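Chain identifiers are assigned alphabetically (A, B, ...) following the order of the sequence lines, protein sequences preceding nucleic acid strands; residue numbering begins at 1 within each chain. All of these numbers come straight from a predicted model, not from anything done at the bench.
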There are 2 protein chains.
Amino acid sequence: MTPARGPASKPDDSQRKRRPQARALATRDQIVSTAIVCFSNLGFEGATTRWIAEQAGVNQGLITHHFKNKEELWKAAVDRLFANFRNDFAARMEAWQDADRATRVRLIIRHFVRYASEHPEQLRFMMQEGLNSGPRMQWLVENHLSAHYPQFQAMLRDARAENMLIEGDDVHIFYAFVGAASTIFALSAECEHLTGLDPATEKSIEAHAKLVEAMLLVTP
Amino acid sequence: MTPARGPASKPDDSQRKRRPQARALATRDQIVSTAIVCFSNLGFEGATTRWIAEQAGVNQGLITHHFKNKEELWKAAVDRLFANFRNDFAARMEAWQDADRATRVRLIIRHFVRYASEHPEQLRFMMQEGLNSGPRMQWLVENHLSAHYPQFQAMLRDARAENMLIEGDDVHIFYAFVGAASTIFALSAECEHLTGLDPATEKSIEAHAKLVEAMLLVTP
DNA sequence: CTGTGAATTATTCATTTGACCAGTAATCAT
DNA sequence: ATGATTACTGGTCAAATGAATAATTCACAG
């Protein structure tokens, strides 16, 4: 990582002669934010650069200018998606530093549910690539997921040390946990049509977090 | 439902002068089967009729001929998806008729996990439509999901009567259950790349079923 | 101020996509 | 058998899509 010189650092700025303008960074951000939503809703092939540009309120040619092509825009979107996740959890973990191990485990589980409710794109993004093992999925695992899985395992180790974790292999617990926590928010519109309940309300998030916690942890 | 005259009955055959040929039904089936996979992998906009036709080994024009347009093909695919689900569970429920209530609950939970492992398209199909509340999602809920949800609730009622169910509202338990059971199979390729475990193996399915059962049911 | 490089726009291009249609082959009722 | 009806084929069309290009506006370093 080069120390200074503009954030994101996605375009190769080793040959740059001028600092990127604030205006450019703003549109870049705008495009990436919109792209995250579009890709997670429509998938890579389904999301069109024109639609993304229109939603973002920018000219379509700017996508080529800032990201070279659709593939690179997709990668930039994934980078942001996981950067958000990392930042959010890094802040939390610091705040919970002085809590004891057992409560920290509970806080992590509950906060993951809360995060999933605020970022339903996360799971949907994975679903778009997760079945067919194309090159994008490989890139996603190698560049982002593989770094997070060990962190999850560390949490499981703590929970086991406190005798509070349900029995099962790490892999199964991981996907059961992610699925149980996120699916209701990834399918929020369906949920509301089907049951009348909007899962995005504070009350509903809290209820779901409580349920997921109870599912993962054994009764004391 | 008209009693006789050809299965599926999707095209308006009220004016038909001849019974549909076996050949036609075969290609129809072939197209629908392929469409289920394509739609669940790529979404409605991402899946192209040409790609579906090529995968199915039929001429692209046949899709228009048999289904009028892409939208109708999508509906036919959903119809088959849920027909498979209904048939499978109807057969199981009959086989478990003489089992006592508690074991029947356990069998249903475990079998749902098994079904999700054999049909990872199911959840993926929902995910493709479940966030944005478009007309397709509405159609899906009204024509299929709304009929299944009460059946799930009946199972929950049985489980509660036996004091074996985790505490929580029906809606939350529903989505936590579906997500916990299906996600690992919907993301099977990701799972294998990330952890080295292929979730589709018999051993893995059994382990996951056991875990999901333990997550939903309280220890006796 | 000013000139240079970056950001943005408008336009174009080769492909692709869903749908359509005319023509042919297969199948069935009689 | 044979004529009517359905199933299928190959090709075409207008609309769209990702990308490229040229022209224009903008911001900043000197």
Inset, instruction - Rounded to the nearest angstrom, tell me the gap between atom CG in A:L73 and atom P in D:dT17. - result: 16 Å
Inset, instruction - Measure the CD-CD distance between A:Q128 and A:E45 for me, rounded to the nearest 0.5 Å. - result: 9.0 Å
Inset, instruction - Determine, step by step, whether B:D169 and A:H208 satisfy the side chain to side chain donor-acceptor pair (under 3.5 Å) criterion, reporting the C-alpha distance in whole Å, the side-chain angles of both residues, the deciding distance to 0.1 Å, and the verdict. - result: CA-CA 9 Å; B:D169 295 338; A:H208 203 71; over 6 Å; no
Legend entry - Other residues, nucleotides, ligands: >12 heavy atoms within 6.0 Å of B:E202 CD: yes
Inset, instruction - Mind calculating the distance between CG (B:L62) and C1' (D:dT6) to the nearest angstrom? - result: 12 Å
Inset, instruction - Send over the distance from B:I63 CD1 to D:dG11 C1', rounded to a whole Å. - result: 17 Å
Inset, instruction - Whole angstrom is fine here: how far is it from NZ in B:K68 over to P in C:dC21? - result: 14 Å
Inset, instruction - Mind listing the residues from residues 40-51 of chain B sitting with a heavy atom below 4.0 Å of DNA chain C? Number order is fine. - result: B:A47, B:T48, B:T49, B:R50
Legend entry - Between P of D:dA19 and NZ of A:K70, the distance in whole Å: 8 Å
Inset, instruction - Would you confirm whether the ring centroid of B:F112 sits within less than 6.0 angstrom of the ring centroid of B:F177? - result: yes
Inset, instruction - With the side chain counted from C-beta on, respond yes when B:H172 and A:L197 share a heavy-atom pair under 4.5 Å apart, and no when they do not. - result: yes
Inset, instruction - Determine, using ring centers only, whether B:F89 and B:H148 are less than 6.0 Å apart. - result: no
Legend entry - Residue met sooner reading DNA chain C from 5', once A:Q60 and A:H65 are mapped to nucleotides: A:H65
Legend entry - B:W96, CH2 atom: more than 12 neighbouring heavy atoms under 6.0 Å: yes
Inset, instruction - Write down the distance between CZ (A:R28) and P (C:dT8), rounded to a whole number of angstrom. - result: 11 Å
Legend entry - A:L25 CG - C:dT8 C1' separation (whole Å): 15 Å
Legend entry - Nucleotide of D:dA27, C:dA19, D:dT9 approaching B:N59 most closely (side-chain heavy atoms): D:dT9
Inset, instruction - Round to a whole Å and report the spacing from CD of B:E54 to C1' of C:dT16. - result: 13 Å
Inset, instruction - Please determine, for the side chain of A:H66, which listed nucleotide (D:dA7, C:dT8, D:dA20) has the closest atom? - result: C:dT8
